[in-house]
2 protein chains.
Amino acid sequence: MARPGARLAAMPRAGTESWSERAQRVLAESHRHSGGARRAVVELLDSQSCALSALEIEDALRTGRRRVARASIYRILDELERLELVQKVEVGQAMARYEPLRGENGHHHHLVCDSCGAVMPFTDPELERAIKKTSRRVPIDVAVHEIVLHGACADCRQ
Amino acid sequence: MARPGARLAAMPRAGTESWSERAQRVLAESHRHSGGARRAVVELLDSQSCALSALEIEDALRTGRRRVARASIYRILDELERLELVQKVEVGQAMARYEPLRGENGHHHHLVCDSCGAVMPFTDPELERAIKKTSRRVPIDVAVHEIVLHGACADCRQ
DNA sequence: GGCAAGAATAGGACTAAGTCTCATTTCTGG
DNA sequence: CCAGAAATGAGACTTAGTCCTATTCTTGCC
């Protein structure tokens, strides 16, 4: 299975508070205790530029900073999602992916190669404007939007 | 896996062919035999206005036209997807949904209420134009696109 | 620092969506 | 109608994700 985000460089810091710092702060404000598993997951997510699946996270942590149980990973991701610190991304591979919500300047969408499974981020200001406009005239209170373009990547097209 | 350019799409006919008829024709052109399970799935899909999951299809067929084995349903859906007759839609509920691709005038996207799970279709010509433009400047050959707006529906917002 | 209360986590059984394999049935051209 | 090929059914299997419980860790307080 493709592990697209796993080798990309860390995102540059925007402003004064990194996503990881903000996440730790928001978590602290909504909890009495803070634990090592949560910190490890947050730090791993912050070091990635695109979405990771829960099992990729488990794997990366097992061979890296600190082993974290699968149940804990899912619990932590659910909580981060509820606090709107991460977004759950479904790109059509029977596996949810999660990535930090960094606000405007980290916001992006996804290209998926249906043949090799690669996932790549992309951005488009014009598309953002159009989708924001659409969101206003639609019968739900839109909290997040998600755009996925499916097709064949350069390697698979040949 | 799906290779979008690899197969000829049938020419759309001039006016009056239903999706089910077109699907049957395209299937016939790419097969030597045609069977009852495939017909039942195609007819069920054509009678729906929005996306169904594989298990909903199994259920509907069991209590309706003709029992179809789960493996057959998945096989048939995969094939319909490869032929670009249906689109697989992931709306973030750990379950894929499938719906007929009826061309321009059936094309739509999805609103999902994250609290009650309701899925609703919506359309927006301006958004379509924006996304078509984006698709041209992106490093994959875009075959289909998918937009999901998540939020709270009128009932859940109260 | 030590302690108690309760939160966080690990571990593993469990559920459910989806896949695979292979035997059986059905379709088709001749 | 027959033979060969395609379609389908049945159920074991895989894997993402959930649930429960015992254990460990964090925190406020002394």
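Computed from a prediction, not measured in an experiment: that's the story for all the values here. In what follows, every chain begins at residue 1, and chains take the letters A, B, ... in the order their sequences are listed.
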Between C:dG18 atom P and B:R97 atom CZ, what is the distance in whole Å? 10 Å
A:I76 CD1 to C:dA10 C1', straight-line distance once rounded to whole Å: 11 Å
When the C1' atoms of the five terminal pairs at each end define the local axes, what inter-axis angle does the helix from C:dG1-D:dC30 to C:dG30-D:dC1 show, to 10 degrees? 30°
The side chain of B:R75 is closest to which nucleotide in this list: C:dA17, D:dT8, D:dG17? D:dT8
From CE of B:M95 over to C1' of D:dT15, roughly how many Å is that when rounded to an integer? 17 Å
Quick one: are B:I57 and B:L77 in side-chain contact, heavy atoms under 4.5 Å? yes
Closest non-hydrogen atom pair between A:E90 and A:A96, with its separation: OE2-CB, 3.7 Å
Give a yes or no on this: more than 12 heavy atoms of other residues, nucleotides or ligands lie within 6.0 Å of atom CD of B:Q48. yes
A:H145 ring center within less than 6.0 Å of A:H107 ring center: yes
Sole residue of B:L127, B:L111, B:L149 in side-chain contact (heavy atoms from CB on, under 4.5 Å) with A:S135: B:L149
Across the strands shown, which category fits B:A37 at heavy-atom distances under 4.0 angstrom: base, sugar-phosphate, nothing? sugar-phosphate
Classify the ring geometry between B:H109 and B:F122 as parallel (under 30°), tilted (30 to 60°) or perpendicular (over 60°). tilted
Any heavy-atom pair between the side chains of B:R39 and B:S20 that's under 4.5 Å? no
Please report the interatomic distance OG1(A:T134) to NZ(A:K132), rounded to the nearest 0.5 Å. 12.0 Å
Closest approach of B:R22 and B:R102, non-hydrogen atoms and distance? NH2-CA, 4.2 Å
Rounding to an integer number of Å, can you tell me how far A:I73 CD1 sits from C:dG11 C1'? 13 Å
Give a yes/no on whether any side-chain N or O of B:H31 is located under 4.0 angstrom from OP1 or OP2 of D:dA7. yes
Got a second to check how far B:R62's CZ is from B:D59's CG, nearest 0.5 Å? 5.0 Å
For the side chain of A:A96, counting heavy atoms from C-beta on, which of D:dG17, D:dA10, D:dC19 is nearest? D:dG17
Report yes if a side-chain nitrogen or oxygen of A:Y74 is closer than 4.0 Å to either non-bridging phosphate oxygen (OP1 or OP2) of D:dT18; otherwise report no. no
Please determine if A:R25 and A:E17 form a salt bridge, counting it only when a charged side-chain N lies under 4.0 Å from a carboxylate O. yes
Euclidean distance, atom CD of residue A:E81 to atom P of D:dG17 [Å, nearest integer]: 12 Å
Any protein N or O atoms within reach of nucleotides 26-30 of chain D? Criterion: under 3.5 Å, listing atom names and distances.
residue	atom	partner	partner atom	Å
D:dT26	O2	A:H33	ND1	3.4
D:dT26	O2	A:H33	NE2	3.2

Which of these nucleotides, C:dG18, D:dA16, D:dC20, is closest to any side-chain atom of A:A71? D:dC20
In terms of side-chain heavy atoms of B:R70, which of C:dG18, D:dA10, C:dG11 is nearest? C:dG18
In this structure, how many angstroms lie between the P atom of D:dA7 and the CD atom of B:E79, rounded? 7 Å
Non-hydrogen atoms of B:P100 and B:L45 that approach each other most closely: CG-O, 3.5 Å
Figure out the CG/P separation between B:D78 and D:dT8, and round it to whole Å. 14 Å
Using heavy atoms and a sub-4.0 Å distance, could you list which residues of residues 55-68 of chain B are near DNA chain D? By number, please. B:R66, B:R67, B:V68
Within the structure shown, what part of the strands sits under 4.0 Å from B:R38 by heavy-atom distance: base, sugar-phosphate, or nothing? sugar-phosphate
